[in-house]
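Okay, so here's the structure we're looking at.
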There are 2 protein chains.
Amino acid sequence: MTRAESGRVRFPAAERREQILAVAADAFAVAGFHGTSIAEVAAKVGVSQPGLLHHFPSKDALILALLQQRDLQDEQALAAEFAGVDASTREWLVAHCRRNETQPGLVRLFTVQSAESLDPAHPAHEFFRERNRRVRGHIVRLIERDQETGRLPASLDPADTAAELVSLMNGLQLQWLRDPSVDMCGIFETSMRRLEKR
Amino acid sequence: MTRAESGRVRFPAAERREQILAVAADAFAVAGFHGTSIAEVAAKVGVSQPGLLHHFPSKDALILALLQQRDLQDEQALAAEFAGVDASTREWLVAHCRRNETQPGLVRLFTVQSAESLDPAHPAHEFFRERNRRVRGHIVRLIERDQETGRLPASLDPADTAAELVSLMNGLQLQWLRDPSVDMCGIFETSMRRLEKR
DNA sequence: GTCTATAAATCGATAGAC
DNA sequence: GTCTATCGATTTATAGAC
């Protein structure tokens with residue numbers, strides 16, 4: 001294995017990018033950013049390491065593109081599912097959870113990277129800061145609307161409750177990844193119904 | 001900087017070990033296992049890299065010793081605080097939280113390593129599996145005792161509730177590390193009081 | 001679009017002197 | 001208990017050919 005044919009199996013750039021992102025998603029989800037080498041990703045894709053860097057200029061650019069793409073995809077998929085539906089906070093979050101239950105790889109990617117990115121030197125540090133801000137803001141609005149319609153008690157502090165719900169969801173994901181027998185969404189829904197009771 | 005004096009500033013083994021563990025705790029908490037090099041830890045301690053490896057035979061041994069020591073220390077400190085006290089689940093867990101609030105470095109170490117150790121190849125994979133099992137088991141017993149004394153509703157499922165409380169605590173830690181303005185323990189206590197009602 | 005070749009740095013770990 | 005020296009493997013990234 002050295003030369004013979006070289007530059008074999010060419011793909012359109014867009015397609016090759018998707019292949020790389022798919023393999024990188026698994027790798028970063030399992031071993032984290034520093035535990036994954038782009039050479040290892042390239043090998044699994046079936047391309048040389050410089051071949052990979054032709055599509056993504058650096059390792060930092062790769063993981064950032066990966067997280068942004070997957071986050072956007074997931075957000076849009078769920079938004080489409082709830083287009084025009086007047087869902088309660090519980091319905092919306094439980095649906096999100098059920099969706100997560102079908103894609104453990106994606107959950108693991110974001111759980112691992114979320115913790116790793118606490119480091120200001122991590123390439124996705126700002127990405128996760130902003131993402132967290134956005135998610136909490138969204139939930140705050142859901143809660144406030146539920147309070148107006150009486151679906152949630154007015155006594156709840158929207159900001160604190162949003163922080164609690166995000167925390168519970170993130171923590172349950174970690175528990176579930178470590179032990180899949182944990183009823184992630186069942187426990188979350190039980191907790192949300194307790195919130196609804198006066 | 002080369003030779004001149006060499007082997008300077010000797011320390012008793014026990015003391016040097018503690019110095020190494022202290023520096024390693026910060027490093028692994030910030031950059032994770034793969035993001036930290038033992039040479040970097042050694043330099044901050046003021047010892048050569050082989051000098052460090054004299055006290056811990058490998059990088060794996062270092063982080064494992066670190067996690068076990070810190071976990072044991074923390075567990076004993078809190079156990080001493082509650083010696084002979086008949087604390088409720090809420091009191092016990094909130095006290096744990098308040099203690100955590102005073103040591104963000106330790107919280108960060110365990111939060112980051114907990115996620116990173118989802119990888120079966122991580123040196124602390126089994127450590128965190130076992131630790132999680134133990135912690136949840138302990139909380140299950142606290143809940144069952146509170147149910148017997150009527151401090152918690154008998155309708156709660158102890159195992160699911162323990163998983164929920166551990167998840168909420170872990171998730172809040174992540175939120176708090178990312179944004180220290182989050183009222184980690186206040187939110188946790190509010191959630192626990194909601195559990196007690198009804 | 002993909003490769004080979006290689007640079008330049010860093011990694012964990014060992015050997016052996018003091 | 002600590003060091004220097006060094007091995008061997010691995011890392012990200014670039015240069016340049018096809």
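Below, chains carry the letters A, B, ... as their sequence lines are ordered, and counting in each starts from 1.
The list of salt bridge (charged side-chain N to carboxylate O under 4.0 Å, His left out) pairs with a residue in residues 160-184 of chain B, not counting sequence neighbours, reads A:Arg136-B:Asp179, A:Arg194-B:Glu164. Identified under the side chain to side chain donor-acceptor pair (under 3.5 Å) test for residues 39-50 of chain B, with sequence neighbours left out: none.
Residues from residues 62-70 of chain B with heavy atoms under 4.0 angstrom of DNA chain C: there are none. Listed in residue order, the members of residues 11-32 of chain A having a heavy atom less than 4.0 Å from DNA chain D come to none.
For the side-chain hydrogen bond (donor to acceptor under 3.5 Å, both in side chains) test, no residue two or more places apart in sequence or in another chain qualifies with B:Arg141.
The aromatic rings of B:Trp92 and B:His138 lie perpendicular to each other, with more than 60° between the two planes, well past the 30° mark.
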Might you work through the salt bridge (Lys or Arg N to Asp or Glu O under 4.0 Å) test for B:Arg145 and B:Glu148, ending with a clear yes or no?
CA-CA 5 Å; B:Arg145 213 192 42 183; B:Glu148 288 167 11; over 6 Å; no
Using salt bridge (Lys or Arg N to Asp or Glu O under 4.0 Å), reason through B:Arg151 and B:Glu196 one step at a time and then give a plain yes or no.
CA-CA 7 Å; B:Arg151 289 190 283 205; B:Glu196 291 170 342; over 6 Å; no
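The shortest distance between the side-chain N/O atoms of B:Ser37 and the OP1/OP2 oxygens of C:dC11 is below 4.0 Å. Between A:His55 and C:dT2 there is a side-chain N or O to OP1 or OP2 distance below 4.0 Å.
Between the side chains of B:Thr89 and B:Asp146, a donor-acceptor pair is found at a separation under 3.5 Å.
Looking only at side-chain heavy atoms (C-beta outward), B:Val47 and B:Gln19 stay at 4.5 Å or farther from each other.
Here A:Ser48 lies in heavy-atom contact (under 4.0 Å) with a base.
Among the nucleotides D:dC3, C:dT2, C:dG12, the one closest to any side-chain atom of B:Val47 is D:dC3.
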Review item, nucleotides 13-15 of chain C N/O atoms under 3.5 Å of protein N/O:
from	atom 1	to	atom 2	distance (Å)
C:dA13	OP2	B:Lys59	N	3.0
C:dA13	N7	B:Gln49	OE1	3.1
C:dA13	N7	B:Gln49	NE2	2.9
C:dA13	N6	B:Gln49	OE1	3.1

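Rounded to a whole Å, the NE2 atom of B:His34 is 12 Å from the P atom of D:dT12.
There is no path of hydrophobic side-chain contacts, each under 4.5 Å, that joins B:Phe127 to B:Leu118. B:Val140 and A:Val182 end up in different hydrophobic clusters when Ile, Leu, Val, Met, Phe, Trp and Tyr side chains are linked at under 4.5 Å.
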